[in-house]
2 protein chains.
Amino acid sequence: MNIGDVATLSGLPAKTIRYYEDIGLVRPPRGPNGYRRFRESDLHKLNFLGRARSLGFSIEECRGLLALYEDEGRASADVKRIARDHLREIDRKIDELAEMRRTLGELVEACSGDHRPNCPILTDLARMPKPRC
Amino acid sequence: MNIGDVATLSGLPAKTIRYYEDIGLVRPPRGPNGYRRFRESDLHKLNFLGRARSLGFSIEECRGLLALYEDEGRASADVKRIARDHLREIDRKIDELAEMRRTLGELVEACSGDHRPNCPILTDLARMPKPRC
DNA sequence: ATGGGCGTTCCAGCAACTGGAAGGTCAAGC
DNA sequence: GCTTGACCTTCCAGTTGCTGGAACGCCCAT
């Protein structure tokens, strides 16, 4: 399979697949014309990467997961630890965004949104920062 | 005030403040020794930027908000529109993260996390992608 | 005059791609 | 057999928002 084929099948852009090769996540052999020739196993890895990335795992986490995926002697505990750490990170981000959402939601509510200059959003933004706790 | 002073007062690193000058968000004048001399108004802008960034506004959104902040003839509707757009973006991100959290949470629950190689997390990751809808 | 603690500039790098230029290859149609 | 167009290749630059470091200048106290 050429890169275009695996791009279609995996849903990843060809550019991204080349990038993944660059950083050593996949290593497709080359044909005599210099084209990358992807095997089924390469396609599996690309699917794996696409899915892992879509769940928010970083490239380095993906590298670790991929190594475990390929390691028949792995312990599922190792996989679970990576996933649980990532889950905590997701929770942290959700909390952070929820806090922004709360604050900003209040401000938007309070703003009349008319032709006049007076605006509680700007008033809030111009606040002094709390001296660090 | 020197950069160290406004860094302390605004809570922003000096590096960041120099960067903000680089991209034209603040324009402190220079003293005869070449040092940046920050006025009260510069400090206000830096506070504004720090707060806006902490609410997740992009640099370009901050530039727009700052322009409105400085424009006595602004319409609060313009401010509100920027804020509302950003709010929608936050909601989108929260939804995205929540969906990740849901999926990953289930997988982590389902994984025994022991010394055996069998792992539902890896099984899920290795899934074929849905052909694009 | 010397030391430390400021300040300055510029250059490089992070993540994870994405775009574009310049060129090589392949299969189909005439 | 030649052209056309779709594919493939590499490499370089840019994105966002900083952050680190090198190498240097300035200022104040001892």
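Only a predicted model underlies this, so the values are computations on that prediction, with no experimental measurement involved. Order of the sequence lines fixes the chain letters, A, B, ..., with proteins taken first and strands second; residue numbering starts at 1 for each chain.
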Enquirer: Choose from D:dC18, C:dA16, D:dT10 the nucleotide whose nearest atom is closest to any side-chain atom of A:R30.
Expert: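 For the A:R30 side chain, the nearest candidate turns out to be D:dT10.
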
Enquirer: To the nearest Å, how far apart are B:Y19 OH and C:dG13 C1'?
Expert: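 That distance rounds to 14 Å.
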
Enquirer: Quickly work out the A:I59 CD1 to C:dG13 P distance and round it to whole Å.
Expert: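 Spelled out: CD1 on A:I59 to P on C:dG13 is 19 Å.
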
Enquirer: Is a side-chain N or O of B:R36 found less than 3.5 angstrom from the main chain of B:I3, in a donor-acceptor match?
Expert: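 No; judged by distance alone, with no hydrogens or angles, the pair does not exist.
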
Enquirer: Would A:I90 and A:I94 count as a side-chain contact (heavy atoms from CB on, under 4.5 Å) if you check the C-alpha gap in whole Å, the side-chain angles of each, and the deciding distance to 0.1 Å?
Expert: CA-CA 6 Å; A:I90 289 176; A:I94 289 178; 3.9 Å; yes

Enquirer: Provide, to the nearest angstrom, the distance between the CZ atom belonging to A:R37 and the C1' atom belonging to C:dC26.
Expert: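 Atom CZ in A:R37 sits about 16 Å away from atom C1' in C:dC26.
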
Enquirer: At less than 4.0 Å, is any side-chain N or O atom of A:R18 found next to OP1 or OP2 of D:dC11? Yes or no.
Expert: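 For D:dC11, OP1/OP2 do not have a side-chain N/O of A:R18 under 4.0 Å.
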
Enquirer: Take the protein atom OH of B:Y35 and the nucleotide atom C1' of C:dT9, then report the distance between them rounded to whole Å.
Expert: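 One finds 13 Å between C1' of C:dT9 and OH of B:Y35, rounded.
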
Enquirer: If an axis is fit to five pairs at each end of the helix from C:dA1-D:dT30 to C:dC30-D:dG1, what is the angle between the two, to the nearest 10°?
Expert: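 Angle reported: 30°, given to the nearest ten degrees.
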
Enquirer: Tell me: CG of B:N2 to P of D:dC28, nearest whole Å?
Expert: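 These atoms are roughly 10 Å apart.
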
Enquirer: Rounded to the Å, how far apart are A:N33 CG and C:dC26 P?
Expert: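 These atoms are roughly 5 Å apart.
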
Enquirer: Using a cut-off of 6.0 Å, state whether more than 12 heavy atoms not belonging to B:R27 lie near its atom CZ.
Expert: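 Not more than 12 within 6.0 Å, no.
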
Enquirer: Which heavy atom in A:D42 sits nearest to a heavy atom in A:P28, and how many Å separate them?
Expert: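 Closest approach of A:D42 to A:P28: OD2-CA, 3.8 Å.
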
Enquirer: Out of curiosity, does A:L66 fall in the hydrophobic cluster containing A:I23 (side-chain heavy atoms, cut-off under 4.5 Å, transitive links)?
Expert: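 Yes, A:I23 and A:L66 fall within the same hydrophobic cluster.
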
Enquirer: Classify the side chain of B:K15 versus the base of D:dG21 as yes if they form a donor-acceptor pair under 3.5 Å and no if they do not.
Expert: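 Such a pair is found, so the answer is yes.
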
Enquirer: For a side-chain contact (heavy atoms from CB on, under 4.5 Å) check, start with the C-alpha distance between B:S76 and A:N118, then their side-chain angles and the critical distance, and finish with the verdict.
Expert: CA-CA 6 Å; B:S76 63; A:N118 193 300; over 6 Å; no

Enquirer: Nearest-Å distance, CD1 (A:I3) to C1' (C:dT18)?
Expert: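 Going from CD1 in A:I3 over to C1' in C:dT18 covers 14 Å.
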
Enquirer: Consider the side chain of B:P13, meaning its heavy atoms from C-beta on, and name the nucleotide among C:dA16, D:dT19, D:dG17 that approaches it most closely.
Expert: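 The listed nucleotide nearest to B:P13's side chain is D:dT19.
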
Enquirer: State, with a plain yes or no, whether a side-chain heavy atom of B:R37 is found less than 4.5 Å away from one of B:M1.
Expert: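 Contact flag for B:R37/B:M1 side chains = no.
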
Enquirer: Among the candidates C:dT9, D:dG17, D:dC8, find the nucleotide nearest to the side-chain atoms of B:R36.
Expert: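 Between C:dT9, D:dG17, D:dC8, the one nearest the side chain of B:R36 would be C:dT9.
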
Enquirer: Looking at A:T16, does any N or O in its side chain come under 4.0 Å of the phosphate oxygens OP1/OP2 on C:dT18?
Expert: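 For C:dT18, OP1/OP2 do have a side-chain N/O of A:T16 under 4.0 Å.
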
Enquirer: Using OP1 and OP2 only, check whether a side-chain N or O of B:R63 sits under 4.0 Å from D:dT16.
Expert: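 For B:R63, the contact criterion (side-chain N or O under 4.0 Å from OP1 or OP2 of D:dT16) is not met.
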
Enquirer: Find the distance B:E21:CD to C:dG7:P and express it as a whole number of Å.
Expert: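 Whole-Å distance recorded here is 14 Å.
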
Enquirer: Check whether any side-chain N or O of A:Y20 sits under 4.0 Å from OP1 or OP2 of C:dC17, and answer yes or no.
Expert: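 For A:Y20, the contact criterion (side-chain N or O under 4.0 Å from OP1 or OP2 of C:dC17) is met.
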
